[in-house]
Amino acid sequence: MSEISRGLENVFIKATSLTYIDGEKGILRYGGYNIEDLVRNCSFEEVIHLMLYGDLPNSEQLKKVKERINESYNVPPPVIRIMEELPHDADAIAMMETAFSALASYYNYPWKKGENKERALEIIAKASTIVANVYRLKEGQKPEIPEPSESYAKSFLRATFSREPSEEEVDAMNAALILYTDHEVPASTTAALVTSSTLSDMYSCIVSALAALKGPLHGGAAEAAFSQFLEIKDPSNVEEWFNENVIKEKKRLMGFGHRVYKTYDPRAKLFKRYAEELARTPESKKILDIAERLEDIGIKNFGEKKIYPNTDFYSGIVFYSIGFPVYMFTSLFALSRVLGWLAHIIEYVEDQHRLIRPRALYVGPIKRDFIPLSSRN
Ligand code: ACO
């Protein structure tokens, strides 16, 4: 009998030069470069070049990436109008799905080697416009198109909040963009790959990926983790909350556990450092304190099962400290991961393309005699 790999665990669906993960040692590298080096020393635009073109750019190459992004922030006005029609309390990722579906109506480009990466740069720019306006429209503000600035992170924050972000905020946003860029083939990237394998257009691939990212077991976990901290309310309640919810009620500790990492997620370490640097207000300090206590208790209880904090445990505190409400966390993840999705589908379609069409093992009745409706009990 054929074997089913539940959840496709340990199934390899493609080769990649994009992201290397050692889940036992907690190592993450993009194109061979350690994640910490990239976060500490690079702009997101440099990482865009690395993921799409295979190496970190020289100054000329970086200039070209920036130029292409800067000239592509515009989206057709009806796309924004469609977003404006959505209810203010719409889910942020649902709004992104709608916007990207609308964009697919304008940009239905066929796959073409030599043009795919240029298209990807345009999509990365338009993603910034869409995510900034998800926030603005939900907050009842006028739509805004990002303007070119020194960096993608800065243009995005400016357009979102209509204010000059601090250097520290831009640095944290840039770091978050890099940290969430890619993680091999999680559910969302796999969804994008399945869609790309039919040679559907790139925008539609992003819609597939967004739909998969939305769930609390994947991209939705940052919002779920942060909501736990809010529910706990005070650091003194952590132990009681953990015993009641995780031990007694057997609820999952959100922001903990990973299919690939069997140790501390290296991204969580870096997000934690940024959270510690950014949490300045009494409220954010309290939330950080709650998170750190919850981490200790979580590791004490689950460490033996190799369940540790994942990237979503501390990222919310970083986003919250920059000024984002909880409902934006998954879209911020998506803003960054658009790059990983695009890099993977381009790698797949250009170099390894084949229709993805797995099988299901049939376990129902083999053959039954047909019974007309009038004779059924
Ligand atoms: N809290 C409590 N128990 C957990 C957790 C958790 N966060 N994660 C795994 N477990 C336990 C399960 O209960 C199960 O225990 P059992 O064997 O005694 O039944 C065991 O670990 C294995 O769980 P699976 O769900 O089979 O493991 P999988 O590899 O599918 O888990 C997942 C990965 C879905 C991420 C899981 O750890 C989880 O639900 N975490 C919470 C949600 C979360 O933080 N998701 C974000 C992941 S990172 C990202 O997508 C960016």
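None of these values were measured; they are calculated from a predicted model. Worth knowing before you read on, the calculation uses all heavy atoms, side chains too, and leaves out hydrogens, waters and symmetry mates. Start at 1 with the first residue, then count along the sequence.
Within the 3.5 Å criterion, the main-chain N or O of I297 finds a donor-acceptor partner in the side chain of N301. In this structure a side-chain-to-backbone donor-acceptor pair under 3.5 Å is present from N41 to D37. Side chain of S155 to main chain of S149: a donor-acceptor pair is present (N/O by atom type, distance under 3.5 Å, no hydrogens or angles). N108 places no side-chain N or O within donor-acceptor distance of the main-chain N or O of A104, the cut-off being under 3.5 Å. One N or O on the side chain of D201 and one on the backbone of S204 form a donor-acceptor pair closer than 3.5 Å. In this structure a side-chain-to-backbone donor-acceptor pair under 3.5 Å is present from T129 to Y73. Remark: side-chain polar atoms of E223 are paired, donor with acceptor, to backbone N or O of T330 under 3.5 angstrom. Formation of a donor-acceptor pair under 3.5 Å by the S375 side chain with backbone atoms of I371 is not found in this model. T181 contributes a side-chain N or O that, together with a main-chain N or O of L177, makes up a donor-acceptor pair within less than 3.5 Å. E46 places a side-chain N or O within donor-acceptor distance of the main-chain N or O of S43, the cut-off being under 3.5 Å.
H353 and S197 are not linked by any side-chain donor-acceptor pair at a separation below 3.5 angstrom, with hydrogens and angles left out of the test. Using modelled atom types and a 3.5 Å distance limit, the side chains of S284 and T281 yield a donor-acceptor pair. The closest side-chain donor-acceptor pair between N116 and E350 falls under 3.5 angstrom. If you check the side chains of D182 and T19, you find a donor sitting under 3.5 Å from an acceptor.
Classification of the F226-Y320 ring pair by plane angle, with boundaries at 30° and 60°, yields tilted. Ring planes of Y180 and F271: tilted class, angle from 30 to 60°. Between F324 and F319, the angle of the ring planes goes over 60°, which puts this pair in the perpendicular group of the 30/60° scheme.
Both the sub-6.0 Å distance and the 45° axial angle are satisfied by R163 relative to the ring of F161. The cationic atom of K138 (NZ for Lys, CZ for Arg) lies less than 6.0 Å from the six-membered ring centre of Y327 and within 45° of the ring axis.
Smallest separation of non-hydrogen atoms from T311 and D265: N-OD2, 2.9 Å. Closest of all the heavy-atom pairs between S151 and E45 is CA-OE2, 3.2 Å. Summarising the geometry of I290 relative to P235, their closest heavy-atom pair is CG1-N, 3.6 Å, with the distance given to 0.1 Å.
Contact of the L193 side chain with the V185 side chain is registered, since non-hydrogen atoms from C-beta on lie closer than 4.5 Å.
Under the rule for a salt bridge (charged side-chain N to carboxylate O under 4.0 Å, His left out), the partners of K63 that lie at least two apart in sequence or sit in another chain are E67. With sequence neighbours excluded, no residue forms a salt bridge (charged side-chain N to carboxylate O under 4.0 Å, His left out) with R252. Here D55 pairs with Y33 under the side chain to side chain donor-acceptor pair (under 3.5 Å) rule; sequence neighbours left out.
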Carefully, step by step, assess R267 and Y314 under the rule side chain to side chain contact (heavy atoms under 4.5 Å, CB included). CA-CA 9 Å; R267 301 168 298 173; Y314 285 105; over 6 Å; no

Given E164 and R158, is the salt bridge (Lys or Arg N to Asp or Glu O under 4.0 Å) satisfied, shown in steps? CA-CA 6 Å; E164 199 57 21; R158 263 192 192 160; 2.9 Å; yes

Side chain to side chain contact (heavy atoms under 4.5 Å, CB included) for Y30 and I178? Distances and angles first, verdict last. CA-CA 10 Å; Y30 298 158; I178 295 175; 4.2 Å; yes

Evaluate K285 against E276 for salt bridge (Lys or Arg N to Asp or Glu O under 4.0 Å), listing each step before the verdict. CA-CA 8 Å; K285 276 187 182 161; E276 284 166 350; over 6 Å; no

Ring pair (Phe, Tyr, Trp, His ring centres under 6.0 Å) for H49 and F44? Distances and angles first, verdict last. CA-CA 9 Å; H49 191 280; F44 180 55; over 10 Å; no

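Both L294 and Y264 belong to a single network of hydrophobic side chains, linked directly or stepwise wherever heavy atoms of I, L, V, M, F, W or Y lie under 4.5 Å apart. F313 and M254 are assigned to two separate hydrophobic clusters, defined by single-linkage of ILVMFWY side chains at heavy-atom distances under 4.5 Å. One hydrophobic cluster, built from ILVMFWY side chains closer than 4.5 Å, holds both V11 and I356. There is no path of hydrophobic side-chain contacts, each under 4.5 Å, that joins F156 to L62. Criterion: ILVMFWY side-chain heavy atoms under 4.5 Å apart, direct or through other members. Under it, V47 and I27 are not part of a common hydrophobic cluster.
Using a 4.0 Å cut-off between a side-chain N of Lys or Arg and a carboxylate O of Asp or Glu, R68 and E122 qualify as a salt bridge. The pair K64-E60 does not count as a salt bridge, with every side-chain nitrogen at least 4.0 angstrom from each carboxylate oxygen. Between R293 and D289 there is a salt bridge, since a side-chain N of the basic residue sits under 4.0 Å from a carboxylate O of the acidic one. Ion pairing between K272 and E277 fails under the 4.0 Å rule for side-chain N and carboxylate O. Ion pair K262/E24 not flagged as a salt bridge, since none of the NZ, NE, NH1 or NH2 atoms sits closer than 4.0 Å to an Asp/Glu carboxylate oxygen. By the 4.0 Å N-to-carboxylate-O rule, E169 lies too far from K154 to be salt-bridged with it.
In E167, the CD atom is not crowded: 12 or fewer heavy atoms of neighbouring residues, nucleotides or ligands sit closer than 6.0 Å.
The six-membered or imidazole ring of H183 lies near that of Y261, with a centre-to-centre distance under 6.0 Å.
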